[in-house]
Undergrad: 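Handing you a structure now.
Naming convention: chains lettered A, B, ... in sequence-line order (proteins, then strands); numbering from 1 in each chain.
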Amino acid sequence: VKAKATDRNETIRTVDGWRSGQPSRLAARICVLGLILTVAAAWGTKNIDDTTEQRLLEQQTAQAGAVLSTAILLIQQPLANALIVHPTDAPGETEAFEKLIGGSVGTDKLFVHASLWRKRGDGLSRLTAVGVAPALSDAAATQAYLKASFSKATFTVTRATVGSQTRIAYALADLVTGYVVYAERAIPANRRAPVDSNSAFADLNYAIYFGPKTETSALSTTDVDPKALPLTGTTATTEVPFGDTVLTVVTSPRHHLGAPLSQGLPLILVGGGLILIAIAIATSRVLMRRRHEAEDSAALAIGMSERLQRALLPLKIPAIPQLEVAVEYVAGVQGVDIGGDWYSVVALDPDHFGFVIGDVSGRGIDAVAVMARARFTLRAYLLRGDSPEKALSESSRQFDISEDGHIATTMVGIGNWRTGVITVANAGHCVPLLLSQGDARYIEIATGPPLGTGPFTFAATTFAMNEGDTLFCFTDGLIERRTEDIDVGMERLAATVAGEGGRSVAQLVDITVRTLRGEQAEDDVAVLAFRRIDS
Amino acid sequence: VSSTADLGPCRLIVQGEVDVASVPLLLDEARELLATGPFRLEVDLEAVTFIDSSGLGALVRVRNEAKEQGIAVTLANVSDSTQRLLQLSGLHHVFEIGLDE
């Protein structure tokens with residue numbers, strides 16, 4: 001049960017925390033969390049998309065490579081065919097070769113030059129040639145190149161230039177017959193590969209290099225400005241066998257290869273994420289504002305009942321001759337419903353004064369209402385001239401816990417300031433301390449049940465206060481602790497009051513309340529103390 | 001707060017801290033027992049560790065409501081400290097306090 005009350009305090013403390021600058025912190029947290037999630041999601045989809053793109057590019061590049069291989073086969077085939085014709089050395093016998101290869105030689109044909117050679121001893125002699133003059137014109141270089149082709153199972157390839165034109169030179173040798181076919185093929189001035197009209201190249205930018213290295217000097221064909229090479233961004237590379245060497249094909253996608261959604265998804269996620277963050281922040285702000293409004297009204301309610309409580313306590317204690325009076329009221333922990341403690345001092349006639357201290361059980365506005373009724377009822381009886389026991393007996397018929405929901409403990413007294421004779425009657429309230437010559441003791445008072453339990457006939461107790469004596473009346477908030485017997489609290493109070501007995505009444509009350517009340521005390525406390533002073 | 005409904009007298013066992021927070025529970029349990037129409041209700045306070053004025057008020061309330069229905073209420077197994085509280089608050093005039101069992 002105590003835990004429950006503590007929880008309530010906790011809640012209120014948290015609520016206070018919310019109020020001091022936390023809304024922007026919450027918004028910042030939502031913002032940061034949202035951004036992290038958004039970025040992570042966008043990054044993830046981007047990653048997936050990149051991987052997909054790379055895979056698609058590699059697939060397409062492989063297809064392009066296959067197309068290129070086919071094209072190479074088509075180039076090689078006429079050369080291979082030409083070797084099959086086995087011409088003799090006799091003049092005119094080369095006609096068959098000229099016929100066979102002639103269809104593939106010429107401007108806009110496969111080759112610009114083709115020639116047939118035969119091994120004789122260590123050297124090679126040219127039997128016939130068709131087309132333009134070869135770029136490989138140096139006799140020794142030609143002999144060396146053609147001889148080398150005998151050591152290769154496939155055709156050999158090299159590059160040769162004539163003027164600004166680059167040509168690819170092919171040589172294919174037949175070890176058995178000693179014939180060699182030589183041909184040159186021009187690389188188009190625009191550097192476009194004839195194969196790039198094939199659909200396999202449709203989505204790709206490409207650069208085909210002669211040999212395994214991708215250096216500018218080895219560039220064979222490309223569809224981009226050679227100055228813009230090498231290709232950057234997402235690229236794929238594949239090698240295609242080309243005679244005794246390879247063609248290296250480097251590609252990059254011209255546009256997004258995968259589904260358009262896959263490319264747009266990261267952006268969509270970022271956009272959607274930002275919108276969601278904005279909505280979350282706006283919503284949290286609205287909720288926070290409502291919460292604040294609710295808190296404001298709750299705080300208003302607490303503030304109002306506390307103000308009501310204080311308003312019901314006497315504004316001013318009447319001055320009684322030769323009497324030094326001090327009162328104090330301390331509310332319970334902020335935010336906990338207020339209690340119904342009260343005190344009252346009233347001047348009755350030239351000699352007498354009345355005093356009351358009381359405590360309504362429970363808390364909240366209802367308790368305060370019962371307190372107000374008890375306070376003014378008792379005050380009215382005292383002003384009418386009733387004795388304390390009569391005032392209580394009358395009041396006991398006017399309070400009923402079944403109707404009010406509360407009981408009220410109260411002690412009522414009438415004192416004569418000239419004689420120091422005090423008469424009190426008690427309805428279940430804590431008995432007061434009499435501080436006399438440094439000694440504090442509880443006064444034995446006939447105690448009846450609290451108001452609200454039912455009609456009761458109270459008895460009076462009379463005692464005398466000497467000059468200098470102090471009567472210390474209080475409510476149980478000053479002595480009650482959950483973990484100990486009530487007597488322990490009572491003894492602690494008596495010791496404290498005795499110890500501070502040398503002080504003025506106001507100081508005594510102040511110090512005692514501050515000493516005995518914990519910071520987190522839930523119950524409220526009322527104290528009424530008065531001292532007879534020298535005439 | 002727990003209760004055992006025997007034949008004849010009813011027993012309401014109150015445990016722990018009885019304060020403004022637990023009073024509604026105590027009242028609910030007590031009223032349920034009273035509704036069964038026993039001729040006597042025993043409120044066992046042996047396991048009570050703390051009781052404040054709201055708790056005492058609740059006991060008064062149970063006693064008054066029982067009285068209206070013609071049911072007697074007895075406090076049983078009252079500890080010394082609770083006994084002292086009842087005395088200080090004048091409630092020993094109101095309650096019939098049974099002998100410890």
Side-chain angles (χ1 to χ4, degrees), chain A residues 1-8 332 336-337 339-341 359-364 367 370 392 400-409 411 426-431 442 445-454 456-458 475-477 479-488 490 522-523, chain B residues 1-2 14-31 34 43 45 47-69 71-73 75 78-97:
Chain A
V1 171
K2 187 182 184 184
K4 204 165 185 177
T6 311
D7 281 350
R8 277 167 70 196
V336 174
D337 287 341
D341 288 8
D359 179 0
V360 174
S361 69
R363 299 208 179 103
V370 172
L392 278 184
D400 182 353
I401 188 170
S402 305
E403 285 166 21
D404 310 324
H406 299 272
I407 53 172
T409 66
M411 185 187 72
N426 190 12
H429 198 79
C430 309
V431 291
Y442 289 99
I445 296 178
T447 299
L451 298 182
T453 53
F456 191 83
T457 305
F458 290 85
T475 58
D476 59 6
I479 52 170
E480 194 176 77
R481 291 193 188 169
R482 283 172 189 264
T483 48
E484 63 189 24
D485 280 358
I486 197 82
D487 286 323
V488 178
M490 287 176 73
E522 295 161 32
D523 205 0
Chain B
V1 177
S2 61
V14 188
Q15 300 172 323
E17 301 187 339
V18 189
D19 62 7
V20 78
S22 53
V23 155
L25 188 63
L26 171 63
L27 289 176
D28 285 352
E29 288 285 337
R31 281 170 188 157
L34 291 176
V43 181
L45 299 178
V48 168
T49 57
F50 172 79
I51 185 162
D52 72 356
S53 57
S54 305
L56 294 175
L59 292 180
V60 172
R61 225 166 155 178
V62 170
R63 175 255 188 196
N64 288 2
E65 286 174 23
K67 204 172 167 186
E68 275 172 27
Q69 300 171 44
I71 303 166
V73 171
L75 301 185
V78 180
S79 68
D80 288 349
S81 58
T82 306
Q83 173 73 34
R84 177 91 175 109
L85 263 184
L86 290 171
Q87 219 136 29
L88 284 174
S89 59
L91 285 171
H92 59 290
H93 294 294
V94 174
F95 286 107
E96 184 186 334
I97 298 173

Undergrad: Within the 4.5 Å heavy-atom criterion, are B:Leu45 and B:Ser79 side-chain neighbours or not?
TA: no
Undergrad: Looking at A:Asp487 and B:Arg84, is any side-chain nitrogen of the basic one under 4.0 Å from a carboxylate oxygen of the acidic one?
TA: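 The answer is yes: the pair qualifies as a salt bridge.
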Undergrad: Measure A:Ile401 against the heavy atoms of chain B and call it side chain, backbone, both or neither at under 4.5 Å.
TA: both
Undergrad: For B:Asp80, is it the side chain, the backbone, both or neither that has a heavy atom under 4.5 Å from a heavy atom of chain A?
TA: neither
Undergrad: Name the option with the most non-hydrogen atom pairs under 4.5 Å to chain B; the candidates are A:Gly405, A:Gly362, A:Gly448.
TA: A:Gly448
Undergrad: Side chain, backbone, both or neither: which part of A:Thr409 has a non-hydrogen atom closer than 4.5 Å to chain B?
TA: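 Nothing of A:Thr409, per the 4.5 Å heavy-atom cut-off to chain B.
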Undergrad: Roughly how far apart are A:Ile407 CD1 and B:Ser54 OG, rounded to 0.5 Å?
TA: 8.0 Å
Undergrad: Between A:Thr475 and A:His429, is any pair of side-chain heavy atoms under 4.5 Å apart?
TA: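 They are in contact (side-chain heavy atoms under 4.5 Å apart), so the answer is yes.
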